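A short worksheet on the structure shown next.
Everything numeric in this text was worked out from a predicted model, so none of it was measured.
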Amino acid sequence: MFLRRKKPSLFGIDISTAAIKLLELSKAGTLLRVESYGVVPLPQDAVVEKTIANAEAIGNTVKAVVAQSGSKLKHVAVAVAASSVISKVISMPGNLSDDEMEAQIELEADQYIPYALDEVSLDFEVQGRSDKNPDMVDVLLVASRRENVEDRVAAVELAGLKVEIVDIESYALENAFSLIINQLPEGGPETTIAIADIGATMTTLNVLHNGRIIYTREQGFGGKQLTEEIQRRYGLSYEEAGLAKKHGGLPDNYMTEVLEPFKQALAQQVGRSLQFFLSSSSHKGVDNLVLAGGCASIAAIDRYVEQSLGIPTIVANPFLNMSLSNRVKPQSLSNDASAMMTACGLALRSFD
């Protein structure tokens, strides 16, 4: 279920802690077009630390985001968090058919996965010839506890949709990375790029080298902390604080006394994640930093982080070179662009 399977046209649905994001793309030659998109906030605690806690609330929110988007598609790609997945590259004989490889992987999977096979969803993808032995192929094996997959599928099916693909968030991000590589000042196949996805409760650092993810790390930090500080400081409800954060209208001291300390904390968290990567790898540094997630929409945050960390930094916008259908409002999409990377990677699965 994770990586393969032919499918009809589908849209991507990213179920995050704070919102559900939907994206439908179409393709003519090499040109991509945004057909529909939507973002609808989730009730608090519907998703807790990437785990679905309230399937009914998610089903209702999926219905709402489909209605908002105007999409008529019924087939969906969703993703599970990288932290809930075991992935391993193994070597297999290169002369096996897919069926033979599947049978052998099922026989040997217990060597690589610390769960009973009937407790996991398992898939594999052949990566190519092994560098160490030309008679062997490298095979990416991925597995997740079955409930991680089934909970997402069940929640989306409550909205009357059919899940065709369950991907992994980090691979969806890797898929979308191809759309922004030309925006990087130090772009090129040999570069090492860090993508810091700063969401509502979690910051996920993915490091790519040669366009493939080589490192992923999650940290408990996100925009919810800024919302809660606005709520506390100005006596607002959580919902009011979230709207004020997005649309403005806060007192004059907000910028210096609330937003500035949050920006400092954000830069420190990203810097700390990068230090963990550098201390655990042979890489001396990263060539570029990409900011994604809802917090990347803070005005001029890329310049702030670049000055703090000394790394060329941009804000992710996977839609820069796409055309838009009439039902997509350009300003709304632009405001949400940095938070749509995972949804974009999932929507691209329609063209596999």
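A donor-acceptor pair under 3.5 Å is formed between the side chain of S350 and the backbone N or O of L10. The backbone N or O of F276 lies less than 3.5 Å from a partner atom in the side chain of S279, making a donor-acceptor pair. With hydrogens and angles ignored, the 3.5 Å screen pairs no side-chain donor or acceptor of S121 with any backbone N or O of V149. Side chain of D287 to main chain of T192: a donor-acceptor pair is present (N/O by atom type, distance under 3.5 Å, no hydrogens or angles). For the pair N175 (side chain) and G345 (backbone), a donor-acceptor distance under 3.5 Å is present. Side chain of N210 to main chain of R212: no donor-acceptor pair is present (N/O by atom type, distance under 3.5 Å, no hydrogens or angles). No side-chain donor-acceptor contact under 3.5 Å links E218 to the backbone of T203. Between the Y112 side chain and the I105 main chain, no donor and acceptor come within less than 3.5 Å of each other. A donor-acceptor pair is defined here as one N or O able to donate and one able to accept, closer than 3.5 Å; such a pair exists between the side chain of E100 and the backbone of S97.
Tracing side-chain contacts under 4.5 Å through hydrophobic residues (I, L, V, M, F, W, Y), one never reaches L107 starting from F124; they form parts of separate clusters.
A donor-acceptor pair shorter than 3.5 Å cannot be found between the side chains of Q264 and Q268.
Crowding of E49 atom CD: a count of heavy atoms from other residues, nucleotides or ligands under 6.0 Å not exceeding 12. Within 6.0 Å of CZ in R327 there are more than 12 heavy atoms belonging to other residues, nucleotides or ligands. Within a 6.0 Å sphere centred on CZ of R303, heavy atoms belonging to other residues, nucleotides or ligands number 12 at most. At most 12 heavy atoms of other shown residues, nucleotides or ligands fall within 6.0 angstrom of atom CD in E56.
Here the shortest heavy-atom pairing between P93 and Q104 reads CD-NE2, 4.3 Å. The two atoms that bring A194 and L205 nearest to each other are CB-CD1, 4.0 Å, heavy atoms only. Of all heavy-atom pairs spanning A176 and L348, the tightest one is CA-CD1, 4.1 Å. Among all heavy-atom pairs drawn from D138 and R129, the shortest one is OD2-O, 4.1 Å. When all heavy atoms of A172 and T342 are compared, the closest pair comes out as CB-O, 3.8 Å. The minimum heavy-atom distance between L42 and A57, with the atom names listed, is CD2-O, 4.4 Å.
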Check: After noting the C-alpha distance and the side-chain angles of T216 and N206, does the key distance pass the side-chain hydrogen bond (donor to acceptor under 3.5 Å, both in side chains) rule?
Finding: CA-CA 5 Å; T216 297; N206 289 286; 2.7 Å; yes
Next item on the list: Show the numbers, then the answer: is there a salt bridge (Lys or Arg N to Asp or Glu O under 4.0 Å) between K162 and E157?
Entry: CA-CA 6 Å; K162 180 172 174 52; E157 287 179 349; 5.6 Å; no
Notebook entry, point to check: Under the side-chain contact (heavy atoms from CB on, under 4.5 Å) criterion, do R217 and S83 qualify, and how do the steps go?
Noted result: CA-CA 8 Å; R217 185 174 192 274; S83 56; over 6 Å; no
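Ring planes of H283 and H209: perpendicular class, angle over 60° (limits at 30 and 60°).
Under the 4.5 Å side-chain criterion, counting only non-hydrogen atoms from C-beta, K263 is in contact with L259. Within the 4.5 Å cutoff, no side-chain heavy atoms of I20 are placed close to those of V39. Side-chain contact between M255 and E260 is absent, with no heavy-atom pair separated by less than 4.5 Å. Contact annotation: the side chain of I86 approaches that of P114 to within less than 4.5 Å [non-hydrogen atoms, C-beta and beyond]. Contact annotation: the side chain of L32 approaches that of L179 to within less than 4.5 Å [non-hydrogen atoms, C-beta and beyond]. Looking only at side-chain heavy atoms (C-beta outward), S87 and Y171 come within less than 4.5 Å of each other. When side chains are defined from C-beta on, I311 counts as touching V286, because their heavy atoms get closer than 4.5 Å. At least one side-chain heavy atom of S280 sits under 4.5 Å from a side-chain heavy atom of Y215.
When T313, I195, I314 are each tested for a side chain to side chain contact (heavy atoms under 4.5 Å, CB included) with L289, only one passes: T313.
To the nearest 0.5 angstrom, I168 atom CD1 is 10.5 Å from E174 atom CD. Expressed to the nearest 0.5 Å, how far CZ of R232 lies from CD of E229 amounts to 4.0 Å. Of the inter-residue distances, the one linking L266 atom CG with Q225 atom CD reads 10.0 Å to the nearest 0.5 angstrom. Atom CD of E106 and atom CE of M101 lie 13.0 Å apart (nearest 0.5 Å).
Judged by the 6.0 Å and 45° rule, R145 forms a cation-pi pair with Y115.
The stretch residues 244-258 participates, sequence neighbours left out, in these side chain to side chain donor-acceptor pair (under 3.5 Å) pairs: T227-K245, R233-E257, Y234-N253, N253-E257.
Take S71 and apply the side-chain contact (heavy atoms from CB on, under 4.5 Å) test, not counting sequence neighbours, and it matches F11, E24, S36, S69, L73. R33 pairs by the side-chain contact (heavy atoms from CB on, under 4.5 Å) definition with S26, E35, S323, S325, not counting sequence neighbours.
Contact check on K21 versus D336 returns no salt bridge, with no Lys/Arg side-chain nitrogen under 4.0 Å from an Asp/Glu carboxylate oxygen. Between K50 and E169 there is a salt bridge, with a side-chain nitrogen of the basic residue lying less than 4.0 Å from a carboxylate oxygen of the acidic one.
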